[in-house]
Amino acid sequence: MTGFPVLRLRRLRRTPGIRAALRETDLPPSRLILPVFVDPALDRPAPIPSIPGHFRWPPEGLGPLVERVESAGLGGLLLFGRPSRKDQGGSGAWDPQGAVPRSLRSLRDHSSILRIADVCLCAYTTEGHCGVWGPEGLDNDATLPGLARTAVAYAEAGADWVAPSAMVDGQVGAIRAALDGGGHTETGILAYAAKSASAFYGPFRDAEGSAPATGDRKGYQMDPANPREAMREIQADLDEGADVVMVKPGLPQLDLLSRARARFDAPLAVYHTSGEHAMVKAAAERGWLEEAAAVREILTALRRAGADLIITYHALEAAERKWLP
Ligand code: PBG
Ligand code: ZN
């Protein structure tokens, strides 16, 4: 008496009301984080060709965007800065007059939205790598002080969380120590913990002007073939004091997200990257995909696999146009 014809699973799919009542995965907009690019050279927003629907914003001109983000109920903003100068050490990253600190101060004065600042040197170094470039490739330990100074500069300007994305060993520990040393014990760390050397960052690097001048990032970002190593990266960041850990990119690494969810009780974020966004946008533009349904399905998958927070370029549109499960 347990199988067909008595058991009929379709009975629970019969109407939209039944389906809504029984949906196992839902996604309030408060779990979505919007990436935002700020550029000190601008006095009005400028569209980003490689990320359709997105703009580079003047640091003090985020008001209209924040209004939309707040009324859509999004969880927060993740800030990326365009540099006003580039040098070998990436000193523009920690300049208190740089785009990110200026934006943070302006946001702090006008809104209570969660402010997250990406911490990396790739947009600020002449070599376009995520730290100090030497004869042997990325110089791990020489990169740590710059990342730590950057994190402190962003904390001072009002970041709630700093988000180190350079994938150098010890970055979370170095940043935690510097923050605590500077009295910023309440500033959190969202660690890009399991971040792979991925083909899906291309549109972002166009937007940021942060593509490496020579070589690639495989000497520091992870090999996407290594799930066990990914768990070690997450463990290491938690041991160094990360408050929230991240898997990046998203869809190509859903299994890592789900493994991390099963293994760690810390808050877990996923980055649905610029290249993943580009695939949807390009296909939708050609009429090959229905965008609303595709975005809903992707965000559902990321949430179902275990993400507490989803960083996505679709955040605002998905929340405003009710594309969420
Ligand atoms: C900087 C950084 C990158 C992304 C987030 N922070 C690029 C990279 O590592 O090359 C990618 C984000 C995206 O593609 O949306 N280290
Ligand atoms: Zn970087």
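We count residues from 1, following the sequence as given. In listed order, ligands and their atoms are each counted from 1.
- Applying the side-chain hydrogen bond (donor to acceptor under 3.5 Å, both in side chains) criterion to His314, with sequence neighbours excluded, gives no partner residue.
- Around ligand 1 you find Phe80, Asp118, Cys120, Cys122, Cys130, Ser165, Tyr192, Lys195, Phe200, Tyr201, Phe204, Arg205, Arg217, Gln221, Lys248, Tyr271, Thr273, Ser274, Tyr313, each with a heavy-atom distance below 4.0 Å.
- For the Zn ion (ligand 2), the neighbouring protein N/O/S atoms at less than 2.8 Å, given as residue and atom, are Cys120 SG, Cys122 SG, Cys130 SG.
- Between Glu276 and Lys281 there is no salt bridge, since none of the side-chain N atoms of the basic residue sits less than 4.0 Å from a carboxylate O of the acidic one.
- Between Arg176 and Glu240 no salt bridge is recorded (no basic side-chain N to carboxylate O distance below 4.0 Å).
- No hydrogens or angles considered: a donor-acceptor pair under 3.5 Å links the side chains of Tyr192 and Asp118.
- Side-chain atoms of Thr214 and Glu127, non-hydrogen and from C-beta on, do get closer than 4.5 Å to each other.
- Counting heavy atoms from C-beta outward, Met167 and Glu233 have side chains that approach closer than 4.5 Å.
- Residues passing the salt bridge (Lys or Arg N to Asp or Glu O under 4.0 Å) test with Arg259: none are found, sequence neighbours excluded.
- For the ring pair (Phe, Tyr, Trp, His ring centres under 6.0 Å) with His54, the lone residue among Phe37, Tyr313, Phe204, Phe80 that qualifies is Tyr313.
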Can Leu62 and Ser103 be said to form a side chain to side chain contact (heavy atoms under 4.5 Å, CB included), step by step?
CA-CA 8 Å; Leu62 287 163; Ser103 305; 3.9 Å; yes

